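Note on naming: letters A, B, ... go to the chains in the order of the sequence lines (proteins, then strands), and numbering restarts at 1 for each one. Remember, predicted model here, so these are calculated numbers, not experimental data.
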Protein chains: 2
Amino acid sequence: MRPFKIFLKTDLFRSKVCGGLDFTYDECNINIETFRYQFDTMLGTQRKVTIKEVAAEANVAVSTVSLVINQKGYVSEATRTRVEAATEKLSFVPSNAARQLISRKTGNIGFVTRSDHFVRNEPFYTQIFLGTEFEARNQNHYILLSTIPSPYSPGTDTPRFLRERNVDGILIAGRVDPLFITETTDAGIPVVLVDFEYSGLPAVIIDNQTGTREAVDYLIAKGRVHIAFLGAEMDHPSMEARLEGFRLAISKAAEIRDIESEILVVDGEPDHVAGQKLSMQLFSLDPFPTAVFCVNDAIAFSVLEMAAERGIVIPDELAVIGFDDVPRSSRSVPPLTTIRVYKEQLGELALRYLSELLQDNTENSGSFDRGSHSIQIPAELILRESA
Amino acid sequence: MRPFKIFLKTDLFRSKVCGGLDFTYDECNINIETFRYQFDTMLGTQRKVTIKEVAAEANVAVSTVSLVINQKGYVSEATRTRVEAATEKLSFVPSNAARQLISRKTGNIGFVTRSDHFVRNEPFYTQIFLGTEFEARNQNHYILLSTIPSPYSPGTDTPRFLRERNVDGILIAGRVDPLFITETTDAGIPVVLVDFEYSGLPAVIIDNQTGTREAVDYLIAKGRVHIAFLGAEMDHPSMEARLEGFRLAISKAAEIRDIESEILVVDGEPDHVAGQKLSMQLFSLDPFPTAVFCVNDAIAFSVLEMAAERGIVIPDELAVIGFDDVPRSSRSVPPLTTIRVYKEQLGELALRYLSELLQDNTENSGSFDRGSHSIQIPAELILRESA
DNA sequence: CCTTTATATCGAAACGTTTCGATATTTTTT
DNA sequence: AAAAAATATCGAAACGTTTCGATATAAAGG
């Protein structure tokens with residue numbers, strides 16, 4: 001809009017500069033942004049196109065362009081299409097940095113999980129992560145991933161995005177050191193837990209209890225009477241719920257008594273090591289059970305392996321059911337009957353939940369979080385050949 | 001520095017406002033940033049502390065604070081300590097958004113891998129990712145992860161960070177659709193490939209050939225004469241290199257002839273499906289080999305399983321060597337002798353390489369990339385019980 | 001026909017940094 | 001002793017957006 005003048009010292013330079021442009025030196029009465037854009041492209045200096053160039057191209061003010069791309073306020077149909085054409089033509093993409101700066105939001109969401117969880121053999125948390133990543137695209141968020149060590153020391157191990165306040169909210173997947181959780185909530189950063197619960201914070205979890213109950217009901221319906229329970233890390237809320245589900249299912253079945261002697265648990269992570277210990281205990285049980293519910297697939301695999309070594313026929317002599325439905329479950333020998341957890345969906349839901357929380361936060365700022373809920377998502381019994 | 005005045009309409013408001021502050025209404029001759037800071041904290045409106053407040057606290061200009069925290073230019077020892085104290089006191093963290101805006105850099109690095117690679121059973125690429133994540137902290141970068149589908153369609157599947165130019169560089173892990181690679185290079189974004197090579201682009205790869213040669217040399221040294229090679233996806237540069245290493249090792253051994261009949265390959269990913277096909281072929285070989293080199297651990301596991309079914313004793317009747325050293329290798333039966341790939345290190349190195357590239361790019365902008373190299377990192381033969 | 005309301009557009013300020021001269025002081029060189 | 005160079009500090013402009021009035025026109029209401 002505003003006309004401008006260029007003062008060039010030599011004729012040579014003058015011809016050089018204006019030679020590549022759409023207008024001559026004499027008629028430099030042109031929008032300065034258009035000039036800069038042309039000048040830069042002529043020199044090969046590819047600057048990012050900004051809202052200013054779009055505005056110049058569409059012959060409107062920058063504020064109008066802003067209104068168009070954010071779909072706010074009043075804009076006439078005519079200018080809207082004009083601006084959109086300009087945006088398209090110059091292939092304009094708004095600068096994230098500038099937006100962050102003015103909106104005082106980062107648009108980033110942190111995803112935190114324990115490093116040992118993340119690299120373990122079965123890609124459980126990896127799949128959850130991918131679920132959040134997928135949903136993040138819809139919600140126009142970026143995910144920053146950070147793993148934390150298991151005994152966590154605040155300050156030292158603090159993820160960079162937390163230290164630099166470079167996230168709007170944080171997703172915590174799986175059990176982590178409570179010190180980390182309090183560190184983030186103390187920092188005033190909204191948090192949603194995934195596959196874990198802690199002190200009433202918003203969480204997205206699996207309906208462990210119902211899932212387990214269905215599985216055990218199935219075993220009972222198939223006429224199995226001696227059903228063992230193999231568990232580990234029983235102070236984990238999910239594990240507690242699974243045991244609870246187990247007890248509930250058993251207690252409903254009139255024909256079964258004396259449960260406790262068939263509930264086997266060990267300390268530590270429910271991994272293959274625990275699985276081996278538990279299998280040993282299982283196979284020395286007397287009377288020998290006809291079915292076993294394992295608290296996760298890793299333990300079930302151990303049972304399968306050890307049964308194969310001892311020549312115990314599955315499922316005829318022993319029915320085995322796991323939990324999680326990791327990819328390997330479908331190709332174990334025999335394929336494992338297990339409870340499917342929709343991991344991607346878990347991640348998706350968690351992100352959407354957090355996203356909503358952030359929305360609410362800004363709309364009525366400082367409002368109390370209205371009775372933070374746990375969202376439960378159902379798990380599904382998948383029948384394969386081990387039960 | 002600049003004195004200011006506040007005009008408050010009522011006495012009540014006047015007392016309210018100044019009541020919580022360190023100074024009275026009469027002596028409002030104070031730095032305005034200090035006032036705002038105090039005022040905000042009084043109201044409980046926790047604004048992020050900015051460089052301005054630090055400057056006010058340390059009684060210097062904002063530019064001086066900037067010089068101190070970036071360790072640039074001339075700053076006297078006295079003011080430096082004063083500024084550092086202020087920074088510490090107010091626990092100031094520079095705003096990423098503002099920095100990005102002015103520096104025209106995002107500080108982000110994209111990590112791209114195929115989704116099926118990322119969620120596969122063995123956390124190979126997950127570990128590479130964690131390596132880059134680790135190094136990213138040192139280099140003050142954030143990692144944005146995105147997976148892409150295997151037949152990739154540019155435009156539709158384009159990761160958001162690429163579309164929005166929200167990364168300074170991209171790391172591509174494992175084989176991806178060439179269309180994606182050209183899309184990023186066309187966009188002028190520096191890229192480093194990890195565990196894959198393509199058209200002379202900078203890459204960080206494993207020394208596949210030497211690794212394989214060492215393994216086969218070891219088998220030969222142990223007196224194995226009939227050595228088979230099980231491979232898949234042989235158009236992959238890494239696989240080619242492994243086969244080349246195999247051939248080189250064999251050709252050096254005078255006592256071995258007729259290799260080709262013992263080189264078995266199938267198409268498609270080198271996963272357990274390929275492993276089963278290859279194992280079938282292997283076990284129908286005549287004369288039956290005394291050792292087998294598998295192009296990765298997944299295939300080796302299949303061999304192990306099928307050997308167990310057929311009662312073939314490992315390593316006595318058949319020595320088995322894999323490649324990758326995934327976590328499961330140490331607990332297979334028998335534990336797998338394999339070639340260890342330092343996955344975290346691979347990721348670390350790739351990030352450092354990319355980081356250097358970015359540095360160079362800005363320093364002498366527009367310079368040609370001086371003979372882009374592939375960095376090879378050595379693999380190590382790990383002796384366990386299968387060979 | 002005048003007043004209010006809705007629609008349309010714009011300019012300028014703000015967000016929180018970094019960097020580029022400008023200026024002032026001290027030290028070194030001639 | 002004067003000139004040049006090094007040191008120290010500062011103010012202002014810039015980065016690319018969004019948002020807040022202001023202003024102008026068109027439509028609606030009395």
Just the rounded figure in Å: distance from [atom2] of [N] to [atom1] of [X].
X        : N      : atom1 : atom2 : answer
B:Leu101 : D:dG16 : CG    : P     : 7 Å
B:Gln100 : D:dG16 : CD    : P     : 13 Å
B:Glu77  : D:dA6  : CD    : P     : 21 Å
B:Arg80  : D:dA8  : CZ    : P     : 9 Å
A:Asn166 : C:dT17 : CG    : P     : 13 Å
A:Asn59  : C:dG11 : CG    : P     : 11 Å
A:Leu90  : D:dG16 : CG    : P     : 14 Å
A:Glu164 : C:dT17 : CD    : P     : 12 Å

At under 4.0 Å between heavy atoms, what does B:Val93 touch on the DNA or RNA strands: base, sugar-phosphate, or nothing? sugar-phosphate
Determine, for A:Arg137 against A:Glu133, whether the closest basic-nitrogen to carboxylate-oxygen distance falls under 4.0 angstrom.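 Between A:Glu133 and A:Arg137 there is a salt bridge, with a charged N closer than 4.0 Å to a carboxylate O.
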Quick one: is [N] close enough that its OP1 or OP2 comes under 4.0 Å of any side-chain N or O from [X]?
X       : N      : result
A:Tyr74 : C:dA8  : no
B:Ser95 : C:dC15 : no
A:Ser76 : C:dT9  : yes

Do any N or O atoms of the protein come closer than 3.5 Å to N or O atoms of nucleotides 18-28 of chain D, and which pairs are they?
unit_1 : atom_1 : unit_2  : atom_2 : d
D:dT18 : OP1    : A:Asn70 : OD1    : 3.4
D:dT18 : OP1    : A:Asn70 : ND2    : 3.0
D:dT18 : OP1    : A:Arg99 : NE     : 2.8
D:dT18 : OP1    : A:Arg99 : NH2    : 3.2
D:dT18 : OP2    : A:Ser66 : OG     : 2.8
D:dT18 : OP2    : A:Asn70 : ND2    : 3.3
D:dT19 : OP2    : A:Lys72 : NZ     : 2.8

[atom1]-[atom2] distance between [X] and [Y], expressed to the nearest 0.5 angstrom:
X        : Y        : atom1 : atom2 : result
B:Tyr142 : A:Ile143 : OH    : CD1   : 14.0 Å
B:Gln100 : B:Ile102 : CD    : CD1   : 12.5 Å
B:Leu145 : A:Phe111 : CG    : CZ    : 11.0 Å

Quick check on side-chain contact (heavy atoms from CB on, under 4.5 Å): which of B:Thr132, B:Leu354, B:Leu144, B:Ile170 does B:Ile109 satisfy it with? B:Leu354
Is it true that atom OH of A:Tyr152 has more than 12 heavy atoms of other residues, nucleotides or ligands lying nearer than 6.0 Å? yes
Heavy-atom side-chain contact between A:Leu171 and A:Val191 under 4.5 Å: no
